[in-house]
Amino acid sequence: MPIVATMHPLIEAAGRHGELPSWSCLSASRREHTESVAALIDEWNVALGVPDAERVRRRGAATLHDALKDAPPDDLRRLVPGDWPDALLHAPAAALRLSEEGVEDEEFLLAIRYHPVGHPEFGVLGEQLYMADYLDPGRDFGLEGREALRARMPDAHHDVLIAIVRARIMARLETDAPVMATSIRFWNGLIEA
Ligand SMILES: [Fe+2]
Ligand SMILES: [Fe+2]
């Protein structure tokens, strides 16, 4: 299990106390979402018997993942290289800011950077964040389907992950929206595993 020897104080504060950095920009309802994602992830990790430090790290990722969700896209665009769509800019922007703050935990940064779209090199942290972000009981779409998937966690981690990636990619296809290459690579890696 990839526990980083010394946890960055920002991750420790977020994971242990739900504290956000001063540069965060998210609404009260979005804050409720991140707290709910952290609680869901922690429920899984308690059930899995994950050691305390790793639980703090994973809760930290949940607390921080949408830290820039409500920042103006123009501001985020200035930070983020590449062709990220406006709605997703908050993810790579938060990873970039955390890295500027001295966070060197690459698995953690990858989980934040790709949390809305997935990445084939996700560790358990990234996969849990991707899943909990979608399964947050506070979100009001696909209630029954998502409740059924929550009920299978954490035991059916791999199968639930596949179901979520499929649902998210299908939702893009059904609205003729582009699918990022990283999502396809994530999907291909999962079904080959
Ligand atoms: Fe997000
Ligand atoms: Fe989120």
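Each ligand, and each atom within it, is numbered from 1 in the order the structure gives. Start at 1 with the first residue, then count along the sequence.
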- Is V124 reachable from L40 through a run of I, L, V, M, F, W or Y residues, each pair having side-chain heavy atoms under 4.5 Å apart? no
- Query: Would one find an N, O or S atom of H65, in either backbone or side chain, under 2.8 Å from the Fe ion (ligand 1)?
  - Reply: no
- In D66, the N, O or S atom nearest to the Fe ion (ligand 1) is which? OD1
- Message: When you measure from the side chain of T182 to the backbone of G118, do you find a donor-acceptor pair of N or O atoms at a distance under 3.5 Å?
- Response: yes
- Query: Under 30°, 30 to 60°, or over 60°: which ring-plane class applies to Y114 and H119, parallel, tilted or perpendicular?
  - Reply: tilted
- Message: Is there a path of hydrophobic side-chain contacts, each under 4.5 Å between heavy atoms of I/L/V/M/F/W/Y residues, joining L135 to L143?
- Response: no
- In D133, the N, O or S atom nearest to the Fe ion (ligand 2) is which? OD1
